[in-house]
Amino acid sequence: ASAVKELIENAIDAGATKINLIVKDGGRTLIQVIDNGSGMSAIDARMSFERHATSKISSADDLFKLQTKGFRGEALASVAAIAHVCMKTKLHDAELGTEINIEGSKIVSQNPTSCANGTSISVKNLFFNVPARRNFLGKDTTEYQKILEEFLRIALVHFEVEFTFHHNGDEIYFLPTVKMLRQRIIGIYGKKLHENLVPVNEETDIVKISGFVTKPDSDRASQDRCFLFVNNRFFKDRYFNHAVMAAYEGLIAGGKYPPYFLYF
């Protein structure tokens with residue numbers, strides 16, 4: 001799930017408008033992320049797997065106004081150290097792209113290749129060289145559920161991006177580009193939630209809060225539809241969750257949770 005999160009966030013930072021996530025066996029066998037983002041040159045593609053390397057900072061001033069999801073090199077270096085990784089990437093104005101194959105941090109090959117604009121990264125045989133760590137992976141269904149959670153957390157923020165998610169050959173989600181958050185929420189959770197969404201829009205000197213809460217009769221036994229985001233990043237916090245639950249006091253039964261999607 002961590003690898004999926006990093007790869008999708010890199011695609012978003014690359015300006016992708018279409019992202020396709022393909023997973024097999026809960027990610028144990030294959031994780032592939034295909035995007036139509038900016039792509040990389042041959043040199044940048046090679047450097048992106050170096051530790052402490054990033055294409056996301058061009059000057060020291062950028063450190064004080066970070067707008068990206070993270071440092072591309074750190075994620076790719078970590079993933080490449082414990083898996084078989086194949087990257088195909090091409091700049092939009094280039095005739096040919098670059099294909100790099102890495103196994104356990106060792107570059108097996110790097111060659112020019114014909115490929116689509118953007119970047120495709122395949123991660124196969126996770127922890128092939130760290131069997132002890134591989135044994136700590138959960139069952140495929142458990143790992144799949146964690147991947148799905150990460151996928152939805154990102155999709156609920158970037159509704160301007162088209163997302164597709166396949167697992168073991170089955171299409172789990174196709175989320176087309178939409179203009180409003182409400183449409184993305186309905187695209188994920190179905191039209192039944194549409195009538196129960198209550199908009200939230202508050203602004204003070206220190207914070208702006210927007211998004212949706214739901215009517216009390218939408219309550220559920222689990223917290224799987226309770227989302228908090230700050231600066232377009234998901235976060236968990238008992239204090240904020242308690243604040244939301246306190247607002248519903250007397251309206252819902254104990255042990256029930258109303259779906260909410262709040263953006264700070």
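Since this is a predicted model, take the numbers as computed values, not measurements.
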A.B. asks: Quick check: does any side chain N or O of Asn101 sit under 3.5 Å from a backbone N or O of Ser109, one acting as donor and the other as acceptor?
C.D. replies: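 No, because the side chain of Asn101 does not come within donor-acceptor range (under 3.5 Å) of the backbone of Ser109.
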A.B. asks: Nearest heavy-atom pair of Ile107 and Arg46: which atoms, and what distance?
C.D. replies: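 Taking Ile107 first and Arg46 second, the nearest heavy atoms are CD1-NE, 2.8 Å.
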A.B. asks: Crowded around Glu202 CD? As in, over 12 foreign heavy atoms under 6.0 Å?
C.D. replies: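 Counting other residues, nucleotides and ligands, CD of Glu202 stays at 12 neighbours or fewer.
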A.B. asks: When you check the side-chain N and O atoms of Glu203 and Asn201, is any donor under 3.5 Å from an acceptor?
C.D. replies: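 Checked: Glu203/Asn201 side chains show no N/O donor-acceptor pair below 3.5 Å.
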A.B. asks: Do the side chains of Phe227 and Arg153 get nearer than 4.5 Å, heavy atoms only?
C.D. replies: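 A side-chain contact under 4.5 Å exists here.
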A.B. asks: To the nearest 0.5 Å, what is the distance between CG (Leu91) and CG (Asp93)?
C.D. replies: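 The CG atom of Leu91 sits 6.0 Å away from the CG atom of Asp93.
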A.B. asks: Do Glu150 and Glu6 make a side-chain contact, defined as non-hydrogen atoms from C-beta onward lying under 4.5 Å apart?
C.D. replies: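 No, their side chains stay 4.5 Å or more apart.
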A.B. asks: Whether Lys191 and Glu195 form a salt bridge (side-chain N of Lys/Arg under 4.0 Å from carboxylate O of Asp/Glu) is what I want to check.
C.D. replies: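 So Glu195 does not pair with Lys191 through a salt bridge.
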A.B. asks: Return all side-chain donor-acceptor pairs below 3.5 angstrom for residues 242-251, not counting sequence neighbours, or 'none' if the list is empty.
C.D. replies:
unit_1: Tyr248; atom_1: OH; unit_2: Thr214; atom_2: N; d: 3.2
unit_1: Tyr248; atom_1: OH; unit_2: Thr214; atom_2: O; d: 2.5

A.B. asks: Is it true that Thr164 and Asn20 share a donor-acceptor pair across their side chains at a distance under 3.5 Å?
C.D. replies: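 No, Thr164 and Asn20 have no side-chain donor paired with an acceptor closer than 3.5 Å.
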A.B. asks: Would you say the side chains of Ser222 and Asp224 form a donor-acceptor pair under 3.5 Å?
C.D. replies: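 Asp224 and Ser222 do have a side-chain donor-acceptor pair below 3.5 Å.
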A.B. asks: Are Arg184 and Ile188 packed together at the side-chain level, in the sense that at least one heavy-atom pair is separated by less than 4.5 angstrom?
C.D. replies: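 Arg184 reaches Ile188 side chain to side chain.
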A.B. asks: For Met180, is there any backbone N or O sitting under 3.5 Å from a side-chain donor or acceptor partner on Gln183?
C.D. replies: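 Side chain of Gln183 to backbone of Met180: a pair is present.
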A.B. asks: List the residues meeting ring-ring contact (aromatic ring centres under 6.0 Å, His included) with His158, not counting sequence neighbours, and say none if there are none.
C.D. replies: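 Once residues adjacent in sequence are excluded, His158 has no partner under the ring-ring contact (aromatic ring centres under 6.0 Å, His included) criterion.
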A.B. asks: Answer yes if the side chains of Asn168 and Lys24 hold a donor-acceptor pair under 3.5 Å, and no otherwise.
C.D. replies: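 Short answer, no.
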A.B. asks: To the nearest 0.5 Å, what is the distance between CZ on Phe229 and OG on Ser210?
C.D. replies: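 If I round to the nearest 0.5 Å, the distance is 11.0 Å.
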A.B. asks: So, Thr29 and Asn125: side-chain donor and acceptor under 3.5 Å apart, yes or no?
C.D. replies: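 The criterion, which ignores hydrogens and geometry beyond distance, is not satisfied for Asn125 and Thr29.
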A.B. asks: Please list every donor-acceptor pair under 3.5 Å in which a side-chain atom of residues 255-264 meets a protein atom from a residue at least two apart or in another chain.
C.D. replies:
unit_1: Tyr260; atom_1: OH; unit_2: Asn241; atom_2: OD1; d: 2.6
unit_1: Tyr263; atom_1: OH; unit_2: Leu156; atom_2: O; d: 2.6

A.B. asks: Name the one of Leu21, Ile19, Ile22, Leu7 that satisfies side chain to side chain contact (heavy atoms under 4.5 Å, CB included) with Ile34?
C.D. replies: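 That would be Ile22; it is the only one of Leu21, Ile19, Ile22, Leu7 passing the side chain to side chain contact (heavy atoms under 4.5 Å, CB included) with Ile34.
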A.B. asks: So, does Asp25 use its side chain to make a donor-acceptor pair with the main chain of Gly27 at under 3.5 Å?
C.D. replies: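 No, the answer is negative, given that no donor and acceptor are paired below the 3.5 Å cut-off.
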A.B. asks: How many angstroms lie between atom CG of Asp35 and atom CD1 of Ile121, to the nearest 0.5 angstrom?
C.D. replies: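 So the gap between those two atoms works out to 8.0 Å.
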A.B. asks: With sequence neighbours left out, what residues match Glu143 under side-chain contact (heavy atoms from CB on, under 4.5 Å)?
C.D. replies: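 Counting only residues at least two positions away or on another chain, Glu143 forms a side-chain contact (heavy atoms from CB on, under 4.5 Å) with Leu137, Lys146.
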A.B. asks: What's the spacing between Leu175 CG and Glu162 CD if we round to 0.5 Å?
C.D. replies: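 So the CG of Leu175 and the CD of Glu162 are separated by 9.0 Å.
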A.B. asks: Determine whether Val130 and Ile102 fall in the same hydrophobic cluster, where Ile, Leu, Val, Met, Phe, Trp and Tyr are linked whenever their side-chain heavy atoms lie under 4.5 Å apart.
C.D. replies: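 Val130 and Ile102: one cluster.
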A.B. asks: Would you mind reporting whether Ile185 and Phe212 have side-chain heavy atoms less than 4.5 Å apart?
C.D. replies: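 In contact.
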A.B. asks: Which pair of non-hydrogen atoms, one from Ala45 and one from Thr89, has the smallest distance, and what is that distance?
C.D. replies: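 The answer is CB-CG2, 3.8 Å.
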A.B. asks: If I compare all heavy atoms of Pro199 with all of Leu197, which pair ends up nearest, and what's the gap?
C.D. replies: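 Looking at all heavy atoms of both residues, the closest pair is CD-O, 3.9 Å.
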A.B. asks: Show the numbers, then the answer: is there a side chain to side chain donor-acceptor pair (under 3.5 Å) between Gln110 and Thr98?
C.D. replies: CA-CA 7 Å; Gln110 177 173 348; Thr98 301; 5.1 Å; no
A.B. asks: Any pair with a residue in residues 116-142 that passes salt bridge (Lys or Arg N to Asp or Glu O under 4.0 Å), sequence neighbours left out, goes on the list, sorted by first then second residue, please.
C.D. replies: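 Sorted pair list: Arg28-Asp140.
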A.B. asks: About how many Å separate OG of Ser105 and CG of Asn129, when rounded to the nearest 0.5 Å?
C.D. replies: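 With rounding to 0.5 Å, CG (Asn129) is 8.0 Å from OG (Ser105).
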A.B. asks: Not counting sequence neighbours, list each pair that qualifies as a ring-ring contact (aromatic ring centres under 6.0 Å, His included) and has a residue in residues 78-113.
C.D. replies: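 Applying ring-ring contact (aromatic ring centres under 6.0 Å, His included) to every pair that reaches into residues 78-113, excluding sequence neighbours, yields His84-Phe128.
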A.B. asks: Is it true that Leu228 and Val230 fall in one hydrophobic cluster, defined by side-chain heavy atoms closer than 4.5 Å?
C.D. replies: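 The answer is yes; both residues are in one hydrophobic cluster.
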A.B. asks: Ser48 and Asp44: side-chain donor and acceptor closer than 3.5 Å?
C.D. replies: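 Short answer, no.
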A.B. asks: Less than 4.5 Å apart, any side-chain heavy atom of Lys215 and any of Val198?
C.D. replies: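 Answer yes - side chains close enough.
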A.B. asks: Between Phe163 and Phe151, does a ring pair (Phe, Tyr, Trp, His ring centres under 6.0 Å) hold up when you go through it step by step?
C.D. replies: CA-CA 9 Å; Phe163 288 96; Phe151 174 81; 5.7 Å; yes
A.B. asks: Atom OH in Tyr144, atom CD in Glu149: separation rounded to 0.5 Å?
C.D. replies: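 If we round to the nearest 0.5 Å, Tyr144:OH and Glu149:CD are 11.0 Å apart.
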A.B. asks: Examine distances only and state if a side-chain atom of Asn196 and a backbone atom of Ser218 form a donor-acceptor pair shorter than 3.5 Å.
C.D. replies: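 Checking the backbone N and O of Ser218 against the side chain of Asn196, no donor-acceptor pair under 3.5 Å is found.
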A.B. asks: Taking all non-hydrogen atoms of both residues into account, name the closest pair between Lys90 and Cys115 and its distance.
C.D. replies: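 Shortest heavy-atom contact: CE-O, 3.1 Å.
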A.B. asks: Can you give me the closest heavy-atom contact between Leu181 and Gly211, atom names plus distance?
C.D. replies: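 Where Leu181 meets Gly211 most closely, the heavy atoms are CD2-CA, 4.2 Å.
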A.B. asks: Check for me, please, whether Val213 and Val157 land in the same ILVMFWY cluster - side-chain distances under 4.5 Å, paths through other members count.
C.D. replies: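 Different clusters: Val213 never reaches Val157 through Ile, Leu, Val, Met, Phe, Trp or Tyr contacts under 4.5 Å.
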A.B. asks: Is Glu103 salt-bridged to Lys106, going by a charged N under 4.0 Å from an acidic O?
C.D. replies: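 Judged by the 4.0 Å cut-off on N to carboxylate O distance, Glu103 and Lys106 do not form a salt bridge.
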A.B. asks: Is it the case that one hydrophobic cluster holds both Leu30 and Tyr173, taking links as side-chain heavy atoms less than 4.5 Å apart, direct or via other members?
C.D. replies: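 No, it is not one cluster - the side chains of Leu30 and Tyr173 are not joined through contacts under 4.5 Å.
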A.B. asks: Minimum heavy-atom separation for Gly26 to His167, with atom names?
C.D. replies: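 Taking Gly26 first and His167 second, the nearest heavy atoms are N-NE2, 3.1 Å.
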A.B. asks: Is the number of heavy atoms from other residues, nucleotides or ligands within 6.0 Å of NZ (Lys88) greater than 12?
C.D. replies: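 No, the 6.0 Å shell around NZ holds no more than 12 heavy atoms from other groups.
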A.B. asks: In the single-linkage hydrophobic clustering (I, L, V, M, F, W, Y; side-chain heavy atoms under 4.5 Å), do Ile172 and Val161 co-cluster?
C.D. replies: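 Linked within one cluster.
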